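Presented below is the structure to which this report refers.
None of these values were measured; they are calculated from a predicted model.
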Amino acid sequence: MNSLDVPGSSAATQVNDSPGADAWSLTGVITRLRRVLRSSVRQDFPWESLPMAQVEVLQRLADEPGIGVRDLAERQRLATNTVSSLIQQMVTSGLVSRAPRPGDRRAVMLNLTSTGAEVLAAWQAANHRRLGHALQQLTQTEQQAIENAIPALAALAALLEIEDELQHQNPAQQDQRP
């Protein structure tokens, strides 16, 4: 075992030298980073009370305007009825619009409203400010390490998404480990 110093921790955390321990450390850091970013945005914008799931939906709709509920649910890895409920709340709040899909009136196209786009832009700007300020306080070596890690983290996310999709397509192979 080796010792990993965690900032803000009074004691070192014991971590195994196995890949699983590294995976757990990565998961912990990502979770902590998301939580602190979310909390810090609330300090800048006390009015900002969107659940993270709604922020992620806004981000997806900005990237994929006109997407339908089923496709949105698949991409967000959520149940269709969960996404339907989120969308209903966001339509009521004026963040998202629904329109019938041409040629299939049962299906809808989802888009950000101007209010939704403004809320997303403000949320992204607040995160950019908070993260930028924190990054500036790191050493040049730490900043470079984070910048260098971004492509690998993106590749890891893409790989996990592909594996998740394959497992959903073939559930009989789930949890079959040697």
Side-chain angles (χ1 to χ4, degrees), residues 1-64 67 71-83 85-87 89-90 93 95 116 119-168 171 174-175 177:
M1 273 193 205
N2 61 6
S3 191
L4 175 68
D5 289 325
V6 178
S9 171
S10 59
T13 304
Q14 294 297 313
V15 179
N16 291 328
D17 290 328
S18 68
D22 290 342
W24 183 248
S25 296
L26 178 60
T27 300
V29 168
I30 290 169
T31 300
R32 185 173 174 203
L33 183 59
R34 284 178 52 110
R35 188 180 315 115
V36 74
L37 279 171
R38 178 73 173 165
S39 175
S40 67
V41 169
R42 287 186 191 276
Q43 292 174 13
D44 280 356
F45 298 104
W47 53 264
E48 197 276 312
S49 60
L50 289 174
M52 197 62 205
Q54 287 189 13
V55 172
E56 291 172 356
V57 166
L58 291 175
Q59 290 170 322
R60 178 68 68 176
L61 293 177
D63 292 341
E64 297 183 57
I67 192 171
D71 288 337
L72 178 60
E74 286 176 10
R75 285 176 180 73
Q76 296 302 110
R77 311 273 189 284
L78 296 169
T80 304
N81 61 341
T82 300
V83 171
S85 295
L86 280 170
I87 293 300
Q89 294 166 7
M90 296 171 81
S93 298
L95 302 172
V119 167
L120 178 59
W123 189 88
Q124 289 171 328
N127 272 289
H128 181 76
R129 279 191 307 277
R130 288 292 189 166
L131 203 48
H133 177 72
L135 285 168
Q136 288 175 352
Q137 295 178 57
L138 296 176
T139 66
Q140 209 47 42
T141 302
E142 291 167 328
Q143 289 177 30
Q144 191 62 52
I146 291 170
E147 186 175 327
N148 291 342
I150 292 171
L153 290 170
L156 177 62
L159 178 64
L160 290 169
E161 287 174 338
I162 290 168
E163 288 179 356
D164 190 47
E165 288 173 17
L166 291 173
Q167 285 184 347
H168 280 86
Q174 277 183 313
D175 295 325
R177 297 180 184 103

Item to complete: Show your reasoning for whether side-chain contact (heavy atoms from CB on, under 4.5 Å) applies to Arg130 and Val36.
Response: CA-CA 10 Å; Arg130 288 292 189 166; Val36 74; over 6 Å; no
Rounded to the nearest 0.5 Å, what's the gap from [atom1] on [X] to [atom2] on [Y]? Could you check?
{"X": "Gln167", "Y": "Ile162", "atom1": "CD", "atom2": "CD1", "answer": "12.5 Å"}
{"X": "Thr82", "Y": "Arg77", "atom1": "OG1", "atom2": "CZ", "answer": "14.5 Å"}
{"X": "Leu159", "Y": "Asp164", "atom1": "CG", "atom2": "CG", "answer": "11.0 Å"}
{"X": "Leu95", "Y": "Leu86", "atom1": "CG", "atom2": "CG", "answer": "11.5 Å"}
{"X": "His133", "Y": "Gln136", "atom1": "NE2", "atom2": "CD", "answer": "7.5 Å"}
{"X": "Thr80", "Y": "Asp71", "atom1": "OG1", "atom2": "CG", "answer": "9.5 Å"}

Response to the item:
Nearest heavy-atom contact between Leu135 and Gln143 is O-NE2, 2.9 Å
Practice prompt. Locate the shortest heavy-atom distance separating Ala62 from Leu120; write the atom from each residue and the value.
Written response: CB-CD2, 3.7 Å
Worksheet entry | salt bridge (Lys or Arg N to Asp or Glu O under 4.0 Å) partners of Arg75, counting only residues at least two apart | Glu64
Worksheet item: Run the side-chain contact (heavy atoms from CB on, under 4.5 Å) check on Leu131 and Leu37 step by step: do they pass?
Response: CA-CA 8 Å; Leu131 203 48; Leu37 279 171; 4.3 Å; yes
Practice prompt. Flag the pair Thr27 / Ile30 as yes when at least one side-chain heavy-atom distance between them is below 4.5 Å, and no otherwise.
Written response: no
Worksheet item: Do Leu138 and Ile146 come within less than 4.5 Å of each other through their side chains, counting heavy atoms only?
Response: yes
Practice prompt. Mark yes when over 12 heavy atoms from residues, nucleotides or ligands other than Glu147 sit less than 6.0 Å from its CD; otherwise mark no.
Written response: no
Discussion item. Does Leu160 form a side-chain contact (heavy atoms from CB on, under 4.5 Å) with Glu163? I'd like the steps, not just the answer.
Written reply: CA-CA 5 Å; Leu160 290 169; Glu163 288 179 356; 4.1 Å; yes
Discussion item. Test of understanding: with side chain to side chain contact (heavy atoms under 4.5 Å, CB included), list the residues that count as partners of Gln76, not counting sequence neighbours.
Written reply: Glu56, Arg60, Leu72, Leu78
